[in-house]
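As structure tokens, the structure follows; a few thoughts come after it.
Start at 1 with the first residue, then count along the sequence.
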Amino acid sequence: MTLRLEHDGAVAIVTLDRPDRRNAFTMAMRGEIATLFDNLAQDDGVRAVVLTGAGGHFCSGADTGEMGAADSAAFLKRMRALHRMIRAIMAMPKPVIAAVDGVCVGAGWSLALACDLTLASPNASFAQLFGRIGYAPDAGAIWQLTRLVGPMRAKEIVYSGRTLDADEALQQGLILSIEADRPVRDAAIDLATRIANGPPVAQAMSKQLFEATTLSFDQFLDREFMVQPLLATTADHREGLAAARDKRAPNFTGR
């Protein structure tokens, strides 16, 4: 088994499970990851997702053993599967947290970048190594990096192919925190559990608004204009108001 799914309450934990290959994903795994995230998106019992890797590493990218000479049709098939996988993570309406330990490079880093939040262990390392094999970064890496650190820093990371340690990744805003006192997987599950207690519909709408920040300000406000009136009709909004009045924790149901 190369992909493992576990549940901890309302949190789904997805583990890339090829420790002998530092969790490099195969062609088959691209489809499995996409299908799994599509299914989790439809599962009302899941309110947050943790994505991590087995054996002390997150992901070393695509399995290079499957690379090499191929005709255009085969190569395009690989790219479509890659993009379907990344889109499935990005389109997840529920918060996704990457728990990064050890190596997180190439398209493996793209997996983490596609998540909403990234926690890292002190020994996590990040790099875009595509130049070593005569490739440009794929799986949306340049788009993600440019949004997070700006075009100039993104270019330096890509052109140099150098490795960023956890401290630099934190300084550059590429991760949320370094978890030195406990396993990063445990920290991610705890954070996901706290998030899962929030209002699911409002979180899904908030996630859409974050993605809309590439629009102009006026276009963004138009999108926002549609969100709040819809949320005002939800049971979760009424519950949140009642809990605030009663000075108690709200019990959100996703309705």
Side-chain angles (χ1 to χ4, degrees), residues 16 18 21-27 29-30 33-34 37 51-53 57-70 72 74-92 96-178 184 210-211 213-215:
L16 307 176
R18 293 187 75 208
R21 295 286 293 169
R22 295 186 175 184
N23 303 314
F25 55 82
T26 62
M27 181 67 178
M29 286 175 69
R30 300 177 193 208
I33 293 168
F37 270 83
L51 177 62
T52 192
H57 294 286
F58 183 72
C59 181
S60 59
D63 192 330
T64 55
E66 294 185 339
M67 296 182 185
S72 296
F75 194 89
L76 291 174
K77 182 179 179 181
R78 290 208 302 262
M79 288 298 295
R80 281 193 293 270
L82 179 69
H83 288 174
R84 179 178 171 235
M85 175 182 71
I86 289 295
R87 284 187 169 115
I89 298 172
M90 288 284 292
M92 168 66 67
V96 184
I97 301 170
V100 175
D101 196 10
V103 165
C104 179
V105 300
W109 192 3
S110 296
L111 287 175
L113 290 168
C115 298
D116 296 286
L117 303 168
T118 299
L119 308 186
S121 70
N123 69 331
S125 59
F126 305 83
Q128 291 294 333
L129 304 175
F130 292 89
R132 296 184 183 180
I133 58 172
Y135 271 175
D138 56 21
I142 287 178
W143 188 85
Q144 297 279 17
L145 286 171
T146 300
R147 294 184 75 188
L148 287 169
V149 300
M152 189 173 296
R153 289 189 184 278
K155 288 175 182 178
E156 188 275 329
I157 290 170
V158 170
Y159 295 161
S160 69
R162 67 183 181 84
T163 298
L164 287 70
D165 61 18
D167 288 331
E168 184 177 1
L170 180 63
Q171 179 186 4
Q172 299 290 354
L174 291 163
I175 62 175
L176 180 66
S177 64
I178 300 172
V184 65
F210 276 114
E211 292 306 315
T213 55
T214 55
L215 302 174

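- Side-chain atoms of Leu145 and Gln128, non-hydrogen and from C-beta on, do get closer than 4.5 Å to each other.
- A search for ring-ring contact (aromatic ring centres under 6.0 Å, His included) contacts involving Phe126 returns Trp109, not counting sequence neighbours.
- The shortest distance between side-chain heavy atoms of Val96 and Leu117 does not fall below 4.5 Å.
- The salt bridge (charged side-chain N to carboxylate O under 4.0 Å, His left out) pairs that include a residue from residues 101-117 are Asp116-Lys207, where partners are two or more places apart or lie in different chains.
- If you take CD1 on Ile89 and CD1 on Ile33, they are separated by 6.5 Å, rounding to the nearest 0.5 Å.
- Shortest non-hydrogen contact noted between Ala166 and Pro122 is CB-O, 3.8 Å.
- Nearest heavy-atom pair across Cys115 and Ala98 is SG-CB, 3.8 Å.
- Atom CD of Gln172 is separated from atom CD of Glu156 by 8.5 Å, given to the nearest 0.5 angstrom.
- Nearest approach of Phe25 to Cys59, heavy atoms of both residues: CD2-SG, 3.7 Å.
- Interatomic distance, NE2 of His57 versus OG of Ser121, reported as 10.0 Å (0.5 Å rounding).
- Across all non-hydrogen atoms, the minimal contact from Ala62 to Arg30 is CB-NH2, 3.6 Å.
- Atom CZ in Arg80 sits 11.0 Å away from atom NE2 in His83 (nearest 0.5 Å).
- The shortest heavy-atom contact between Ile157 and Leu174 is CD1-CD1, 4.4 Å.
- No side-chain heavy atom of Leu176 sits less than 4.5 Å from a side-chain heavy atom of Ile97.
- Put simply, the side chain of Thr26 never gets that close to the backbone of Asp63: no donor and acceptor are under 3.5 Å apart.
- Residues passing the side chain to side chain contact (heavy atoms under 4.5 Å, CB included) test with Arg147 are Trp143, Glu211, Thr213, Thr214, sequence neighbours excluded.
- More than 12 heavy atoms of other shown residues, nucleotides or ligands fall within 6.0 angstrom of atom CZ in Arg84.
- In this structure, CD in Gln171 is found 9.5 Å from CG in Asp165, a value given to the nearest 0.5 Å.
- The two residues Ala24 and Ser60 have their closest heavy-atom pair at CB-OG, 3.4 Å.
- For the atom pair CD1 (Ile142) and CG (Leu113), the distance works out to 11.5 Å, reported to the nearest 0.5 Å.
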Would you check, one step at a time, whether the test side-chain contact (heavy atoms from CB on, under 4.5 Å) holds for Val100 with Ile175?
CA-CA 9 Å; Val100 175; Ile175 62 175; over 6 Å; no
